[in-house]
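The figures here come from the full heavy-atom set of this structure, side chains too, leaving out hydrogens, waters and symmetry mates. Indexing begins at 1, ligand by ligand and atom by atom, following the structure's order. What you see is a predicted model, and the numbers here were worked out from it, not measured in a lab.
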Amino acid sequence: AKEQGRNTFRFYSENLTRKAFQNVLIDSALREAKSRNEFRLAFQPQIDIASNTFLGLEVLLRWHHPTLGTVSPAQFIPQAERTGLIQDIGHWVLEQACIAGCKWLAEGLPFGRLAVNVSAPQFRADDFVDQVQQVLAQTGFPPSRLELELTESVLVHDTDQLIDSMNELRGLGVQFAIDDFGTGYSSLSYLKKMPIDRLKLDKSFVDNINTDDSDRIIAGAVVALGQAMGLEVIAEGIEHEDQASALRDLGCTQFQGFLYGMPMYTSRIEAVLRKEAQR
Ligand code: C2E
Ligand code: CA
Ligand code: CA
Ligand code: CA
């Protein structure tokens, strides 16, 4: 047991060192990524099975580095948040998304809304509302086509300033979704103070919805909460038909996941949207 303990420790510390080293590499590469055109946007369909239409597309950032390869946003976004680079990256994502959206509107492609992820430090920046307004004005993208996905970590500090910012954007027509709903630590009281349109039921409750009673109970409670409060509920991470059917039985009609479409780069999603337009 002692031997094993030592081995485990060695393995753990090597892992840590490698990870720390990799983080340093990523930090410096990330600083250059935008100017070197290493970022791209991917778009993943969100569908409404009641009307069988595209509700929207979630905008997901992709980073391909020449030597580090493809780095997952789950890895580089938290780092960009720590270093502050998220401000610049987040602005770029919003701008590029709106530019793409304008082009699709001009072509009559039925994408619904664009749902853009916004990090907590990004939303808390003093000039965030101005930034969004500026991008909307410069690109001409209609605010009513924009949805911002916030995690509960943004909402835990429910300051007046935060609520004012949300109300100002909501006044323009921008919508808000709560991402990863059910995984945060905050109280639910923010739901009555803030202009929220949609809850995104986290994938972790969807994965085992047919085998885990508590997951199904929680999913049902989120759907019921949404209905009671007049909020829409979209389930994310749907991979299998039996997950969709369990969620349908609970009253959920909005879905996102590999079952309905992978995140796709521009040319691919455009082809999907053109086909959808001809339907
Ligand atoms: P998220 O916002 O919860 O996004 C959903 C993630 O689940 C995406 O991973 C998506 O590709 C993946 N996904 C969607 N459907 C399925 C499915 O059926 N099965 C499985 N296994 N996965 C599915 P991705 O693109 O790797 O993004 C990871 C996280 O990185 C996102 O989680 C979000 O928190 C963050 N992120 C991505 N792009 C941006 C961005 O532009 N800005 C910010 N602030 N964060 C971003
Ligand atoms: Ca999201
Ligand atoms: Ca999510
Ligand atoms: Ca997530």
> Is H64 close to R40 at the side-chain level, that is, under 4.5 Å between some pair of heavy atoms?
no

> For ligand 1, which is the ligand I care about here, please tell me if L60 has any N or O atom under 3.5 Å from one of the ligand's N or O atoms.
no

> Using distance alone, decide if ligand 1 has a nitrogen or oxygen within less than 3.5 Å of any nitrogen or oxygen in L61.
yes

> Rounded to the nearest 0.5 Å, how far does OG of S204 lie from CG of D215?
7.0 Å

> At a 4.0 Å threshold, what atoms of ligand 1 neighbour a non-hydrogen atom of Q44?
14 (C), 15 (N)

> Kindly indicate whether a cation-pi arrangement holds for R198 with F176, taking the cut-offs as under 6.0 Å to the six-membered ring centre and within 45° of the axis.
no

> By number and element, which atoms of ligand 1 are closer than 4.0 Å to a non-hydrogen atom of K203?
19 (N), 20 (C), 21 (N), 22 (N)

> Specify which N/O/S atom of E58 comes nearest to the Ca ion (ligand 2), by atom name.
OE2

> What do you reckon, are the aromatic ring centroids of F141 and W104 less than 6.0 Å apart?
no

> For the CD1 atom of I163 and the CG atom of N167, what is their distance to the nearest 0.5 Å?
7.5 Å

> Tell me which one of F255, W63, Y260, F258 gets a heavy atom nearest to atom 13 (N) of ligand 1.
F258

> E149: which N/O/S atom is nearest the Ca ion (ligand 2)?
OE1

> At under 4.0 Å between heavy atoms, is it the side chain or the backbone of I238 that contacts ligand 1, or both, or neither?
backbone

> Tell me which part of L259 gets within contact of ligand 1: side chain, backbone, both or neither, using heavy atoms under 4.0 Å.
neither

> Can you figure out which of P73, A97, A120, S119 has its heavy atom closest to atom 26 (O) of ligand 1?
P73

> Against heavy atoms of D180, which atoms of ligand 1 measure under 4.0 Å?
3 (O)

> So is E81 polar-close to ligand 1, meaning N/O to N/O under 3.5 Å?
no

> Below a 4.0 angstrom heavy-atom separation, can you tell me which part of P263, side chain or backbone, both or neither, approaches ligand 1?
side chain

> Does ligand 1 have any atom sitting under 4.0 Å from a heavy atom of Q256?
no

> Indicate whether the side chain of N117 and that of E58 have a donor and an acceptor atom separated by less than 3.5 Å.
yes

> Backbone N or O of Q122 within a donor-acceptor pair of the S119 side chain at under 3.5 Å?
no

> Compute whether any side-chain donor of one residue and acceptor of the other, for Q243 and N210, lie under 3.5 angstrom apart.
no

> Indicate if the distance from the Ca ion (ligand 2) to the nearest N, O or S atom of E236 falls below 3.0 Å.
no

> Are any of the N/O atoms on E149, whether in the backbone or the side chain, positioned under 3.5 angstrom from an N/O atom of ligand 1?
no

> Among the N/O/S atoms of D180, select the one at the shortest distance from the Ca ion (ligand 3) and name it.
OD1

> Give the atoms of ligand 1, by number and element, whose distance to some non-hydrogen atom of E58 is under 4.0 Å.
2 (O), 4 (O)

> Of the listed options (N117, V116, V206), which comes nearest to atom 42 (N) of ligand 1 when hydrogens are ignored and any heavy atom counts?
N117

> Considering only heavy atoms of G257, which atoms of ligand 1 have at least one such atom less than 4.0 Å away?
15 (N), 18 (O)

> Using the rule that Ile, Leu, Val, Met, Phe, Trp and Tyr join whenever any side-chain heavy atoms are under 4.5 Å apart, tell me whether L201 and I49 fall into a single cluster.
yes

> Could you tell me if any non-hydrogen atom of K200 lies under 4.0 Å from any atom of ligand 1?
no

> May I have the step-by-step check of side-chain contact (heavy atoms from CB on, under 4.5 Å) for V132 and L146, ending in yes or no?
CA-CA 10 Å; V132 175; L146 180 64; 4.1 Å; yes

> Of the backbone atoms (N, CA, C, O) and the side-chain heavy atoms from C-beta on, which set of R62 has a member under 4.0 Å from an atom of ligand 1: side chain, backbone, both, or neither?
side chain

> Is there a polar contact, in the sense of an N or O pair closer than 3.5 Å, between Q122 and ligand 1?
no

> Please confirm whether the backbone N or O of G261 pairs with a side-chain atom of Q44, one donor and one acceptor, at under 3.5 Å?
yes

> Does an N or O anywhere in S72 fall below 3.5 Å from an N or O of ligand 1?
no

> Among side-chain atoms of D48 and S51, is any donor-acceptor pair under 3.5 angstrom?
yes

> When you measure from the side chain of D202 to the backbone of F205, do you find a donor-acceptor pair of N or O atoms at a distance under 3.5 Å?
no

> Would you say F123 and L155 make side-chain contact, with heavy atoms under 4.5 Å?
no

> One pair to check against ring pair (Phe, Tyr, Trp, His ring centres under 6.0 Å): Y260 and F255. What are the steps and the verdict?
CA-CA 8 Å; Y260 302 99; F255 298 106; 5.7 Å; yes

> List ligand 1 atoms under 4.0 Å from V93, heavy atoms only on the residue side.
41 (O)

> Between I77 and ligand 1, which residue portion shows a heavy-atom distance shorter than 4.0 Å: side chain, backbone, both, or neither?
side chain

> Which atom name does D179 have for its N/O/S atom nearest to the Ca ion (ligand 3)?
OD1

> Under 30°, 30 to 60°, or over 60°: which ring-plane class applies to F39 and W92, parallel, tilted or perpendicular?
tilted

> Measure the distances from the heavy atoms of G90 to every atom of ligand 1 and state whether one is below 4.0 angstrom.
no

